[in-house]
Amino acid sequence: MTKIDYRQATFLISAAHSKQFPADEGKEVAFVGRSNSGKSSALNTLTDHKNLARTSKTPGRTQLINFFTLDTEHRLVDLPGYGFAKAPIEAQKKWISVINHYLKHRESLAGIILLMDIRHPFMDFDTKMIEWSQEQNIPLHILLSKADKLAFGKQKAAYLQVKKEIGDNPLVTVQLFSSLKKIGLDDLKKQMGIWFS
Ligand code: GDP
């Protein structure tokens with residue numbers, strides 16, 4: 001398992017399309033989730049930065065893929081958020097095509113971290129993300145975010161329910177997570193360390 005110092009994360013580039021992506025070398029782990037899922041908070045917690053993911057929230061950049069360097073061989077990727085039930089169909093189509101292109105063609109993509117609010121799992125495109133990652137044989141690890149919002153017993157019940165729904169698939173895993181209370185941070189690093197190895 002590769003030990004990475006996530007505090008080394010530095011912003012590399014915001015890309016609107018694949019031509020702007022950094023060279024497809026080494027390994028990267030991509031974070032994805034609907035807006036408000038806690039994705040930025042998770043990236044900030046992981047890297048111990050106050051606002052690493054702020055670029056992704058800048059108006060005009062919310063649809064971009066943001067790359068962060070960890071070291072010469074490892075990167076973090078912040079994929080554009082979704083959750084636009086009321087968004088114009090064109091915006092949805094654009095998001096789908098950007099994400100699909102990235103998942104299909106990115107050789108260095110070692111794994112996907114999918115954020116789902118523990119209180120509202122499997123919404124919008126969450127299930128699609130799981131399907132697409134399976135189609136491409138890319139491992140996907142679910143963070144049930146904001147776990148601190150539920151009492152311990154309910155956290156455990158939600159975890160077991162999601163585990164049951166994803167079934168017995170070694171390429172899809174799940175854990176509890178809270179940026180606020182730092183629940184599950186070591187497990188997240190452990191999973192990413194395996195992918196980065
Ligand atoms: P993003 O839109 O997916 O990047 O989500 P953010 O990280 O911006 O978080 C959305 C909202 O959820 C913000 O108000 C955060 O403060 C809150 N939030 C994020 N993570 C946690 C957490 O672990 N616990 C709690 N209680 N709130 C959280």
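Remember, it's 1-based here, ligands and their atoms both numbered in the order they're listed. Quick note: residue numbers are just sequence positions, from 1.
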Worksheet entry | Option of least heavy-atom distance to atom 20 (N) of ligand 1 (set: Ser145, Ser40, Ser41, Ala147) | Ser41
Worksheet item: So, Arg106 and Glu28, do they make that salt bridge, N to O below 4.0 Å?
Response: yes
Worksheet item: Ala30 and Leu109: which non-hydrogen atoms are nearest, and at how many Å?
Response: CB-CD1, 3.8 Å
Discussion item. Just to confirm my output: which protein heavy-atom neighbour is closest to atom 12 (O) of ligand 1, and how far is it?
Written reply: Lys146 NZ, 3.0 Å
Worksheet entry | Nearest neighbour in protein (non-hydrogen) for atom 26 (N) of ligand 1 | Asp148 OD2, 2.8 Å
Worksheet item: What atoms of ligand 1 come within less than 4.0 Å of a heavy atom belonging to Arg34?
Response: 3 (O)
Item to complete: Tell me which protein heavy atom sits closest to atom 8 (O) of ligand 1, plus the residue, atom name and distance to 0.1 Å.
Response: Lys57 NZ, 2.7 Å
Worksheet item: Distance below 4.0 Å between atom 6 (P) of ligand 1 and any protein heavy atom?
Response: yes
Response to the item:
Scanning both residues in full, the closest heavy-atom pair of Trp195 with Ala110 reads O-CB, 3.6 Å
Fill in: Proximal ligand 1 atoms for Ser178, defined as those under 4.0 Å from one of its heavy atoms
23 (O)
Fill in: Close N or O approach (Gly38, ligand 1; < 3.5 Å)
yes
Item to complete: Mark up the atoms of ligand 1 that fall under 4.0 Å of a heavy atom belonging to Ser179, in ascending order.
Response: 22 (C), 23 (O)
Worksheet item: So Phe125 and Tyr82, would you call those rings parallel, tilted or perpendicular, with 30° and 60° as cut-offs?
Response: perpendicular
Worksheet item: Nearest heavy-atom pair of Glu25 and Ser108: which atoms, and what distance?
Response: O-CB, 3.8 Å
Discussion item. Just so I know, are the side chains of Lys94 and Ile96 near enough to count as touching, which here means a heavy-atom distance under 4.5 Å?
Written reply: no
Worksheet item: Looking only at heavy atoms, which two atoms of Ala9 and Leu52 are closest? And how far apart?
Response: O-CD1, 3.9 Å
Practice prompt. Evaluate the 4.0 Å heavy atom contact test for atom 16 (O) of ligand 1: does a protein atom fall under the cut-off?
Written response: no
Worksheet, complete the sentence: In terms of heavy-atom contacts, Tyr6 and Leu46 come closest through CB-O, 3.3 Å
Fill in: Contact partition for Asn36 relative to ligand 1, non-hydrogen atoms under 4.0 Å
both
Practice prompt. For Gly33 and ligand 1, answer yes if some heavy atom of the residue is under 4.0 Å from a ligand atom, otherwise no.
Written response: no
Worksheet item: Could you walk me through whether Ile65 and Phe21 pass the side chain to side chain contact (heavy atoms under 4.5 Å, CB included) check?
Response: CA-CA 8 Å; Ile65 297 186; Phe21 290 177; 3.7 Å; yes
Item to complete: Pull out every atom of ligand 1 sitting under 4.0 Å from any heavy atom of Leu180, numbered as shown with elements.
Response: 22 (C), 23 (O), 24 (N), 26 (N)
